[in-house]
Amino acid sequence: MKPKWIFATLLLVATLAAFWFFRPAAGSGTLGIRAHSLTGKILAYGPRPPGSDALDKVKEHLAKELEANGWITRLQEFERDTPIGKVKFSNLRARIAVETTDTWERPVRGILCAHIDSKYFKDKEFLGADDAASACAAVVVIAKHLAETDRDKVEQLELVFFDGEEAFAKDMTILDGLYGSRFYANAWRSRDDKPRFGILMDMIGHKD
């Protein structure tokens, strides 16, 4: 089988798995309103580039929102050289506790994720409403809804809020940007129980 057909087959399988996993639930029309409200709360902290107090506060806020619905959170911390010097990053991860197994060692079927930082600018403020505060809010609202309505599904899921996805320079390069997702992916590289699919949310509520 040619590589492009292998890729297309894997993409189709992942899409079908994701559609089944997150098919709309009855009475879910209010979820968008909740996500919009949470987006406003995230933006109220101000610009949140990596290493900022605002970003730390946003992570704490989202962790509390999730923990109120039975999720357990942890930070995945690391440091990298960037165009502005060494920067400390931390991805925020969340899983539902399962009494019979270790929360962080058991395999999960998929991940639901978004990036939590806003782009760094030296000379101006950038809040990043749809890039990606709205996506983070959507992940939290979906996660809380699933925790209330479908315990079996959330036990198979991990949430990840990636830090340092935006480049520090004007344009992203192979070495600048995607810091959090690359670190997270590398942590799975040597494991045989990798997640089978992932859904990355971004630019939710973007104009037009």
Side-chain angles (χ1 to χ4, degrees), residues 18 21-22 25 27-28 30-78 88-118 127-129 132-165 179-181 183-184 187-188 193 195 197-202 204-205:
F21 206 89
F22 294 105
S28 61
T30 60
L31 300 186
I33 297 174
R34 296 176 191 172
H36 185 271
S37 175
L38 182 53
T39 300
K41 293 176 183 178
I42 293 172
L43 298 177
Y45 289 107
R48 52 191 193 284
S52 65
D53 289 339
L55 182 56
D56 288 341
K57 291 176 181 177
V58 169
K59 291 174 186 175
E60 290 174 6
H61 188 119
L62 298 190
K64 288 179 180 178
E65 291 270 353
L66 291 166
E67 289 165 3
N69 283 77
W71 293 84
I72 295 176
T73 64
R74 75 186 307 182
L75 293 176
Q76 185 181 43
E77 299 176 321
F78 61 101
K88 292 182 178 180
F89 302 93
S90 59
N91 296 327
L92 175 63
R93 301 170 62 191
R95 289 188 179 192
I96 286 285
V98 178
E99 293 182 1
T100 57
T101 59
D102 184 290
T103 300
W104 296 105
E105 289 303 317
R106 63 182 171 82
V108 291
R109 290 189 63 196
I111 63 172
L112 177 62
C113 51
H115 80 86
I116 197 169
D117 60 308
S118 61
L127 290 176
S134 57
C136 291
V139 170
V140 170
V141 169
I142 290 171
K144 293 173 70 173
H145 178 71
L146 287 177
E148 295 169 352
T149 60
D150 200 330
R151 180 79 183 192
D152 289 339
K153 271 185 187 169
V154 292
E155 289 180 1
Q156 304 173 54
L157 187 66
E158 178 171 310
L159 314 178
V160 192
F161 301 89
F162 296 122
D163 192 1
E165 292 299 273
Y179 295 97
S181 57
F183 184 85
Y184 178 83
W188 284 103
D193 57 348
F197 70 88
I199 299 175
L200 173 68
M201 294 194 171
D202 204 4
I204 292 179

**OP:** Taking the side chain as every heavy atom from C-beta outward, state whether Arg34 and Lys144 have any atom pair closer than 4.5 Å.
**Re:** no
Original post:
For Asp193 and Trp188, which heavy atoms make the closest approach, and how far apart are they?
Top reply: O-CZ3, 3.5 Å
Original post:
Do you know the tightest heavy-atom contact between Pro195 and Gly110?
Top reply: CB-CA, 4.1 Å
Original post:
Does Arg95 reach the main-chain N or O of Arg106 with its side chain, forming a donor-acceptor pair under 3.5 Å?
Top reply: yes
Original post:
For the side chain of Thr30 and the backbone of Ile33, is there at least one donor-acceptor N/O pair under 3.5 Å apart?
Top reply: no
Original post:
Does Cys113 reach the side chain of Leu200, with side-chain heavy atoms less than 4.5 Å apart?
Top reply: yes
**OP:** For residues Val98 and Thr103, report the shortest heavy-atom separation together with the two atoms involved.
**Re:** N-OG1, 4.1 Å
Subject >> Nearest atoms (heavy-atom pairs only) where Met201 meets Ala135 >> reply: O-CB, 3.4 Å
Original post:
Hey, what do you get for CG (Leu92) to CZ (Phe162), rounding to the nearest 0.5 Å?
Top reply: 11.0 Å
Original post:
Which atom pair, heavy atoms only, marks the closest approach of Trp71 to Ile96?
Top reply: CE3-N, 3.5 Å
Subject >> Parallel, tilted or perpendicular: rings of Phe89 and Tyr179 (30°, 60°) >> reply: parallel
Original post:
Are the side chain of Thr39 and the backbone N or O of Ala137 linked by a donor-acceptor pair below 3.5 Å?
Top reply: no
Original post:
Without hydrogens or angle criteria, can the side chains of Glu158 and Tyr184 be said to hold a donor-acceptor pair below 3.5 Å?
Top reply: yes
Original post:
Hey, does Leu112 have a side-chain heavy atom less than 4.5 Å from the side chain of Ile199?
Top reply: yes
Subject >> Single hit among Glu67, Glu60, Glu65, Lys64 for side-chain hydrogen bond (donor to acceptor under 3.5 Å, both in side chains) with Thr73 >> reply: Glu67
Original post:
Okay, side chain of Asp163, backbone of Asn91: is any donor-acceptor separation there less than 3.5 Å?
Top reply: no
Original post:
Can you tell me if Glu165 uses its side chain to pair, donor with acceptor, with the backbone of Ser181 under 3.5 Å?
Top reply: yes
Original post:
Which atom pair, heavy atoms only, marks the closest approach of Ser118 to Pro50?
Top reply: O-CD, 4.1 Å
Original post:
Atom CG in Leu38, atom CG in Leu31: separation rounded to 0.5 Å?
Top reply: 12.0 Å
**OP:** Kindly determine whether Arg151 and Glu155 satisfy salt bridge (Lys or Arg N to Asp or Glu O under 4.0 Å), including the steps that lead there.
**Re:** CA-CA 6 Å; Arg151 180 79 183 192; Glu155 289 180 1; 3.3 Å; yes
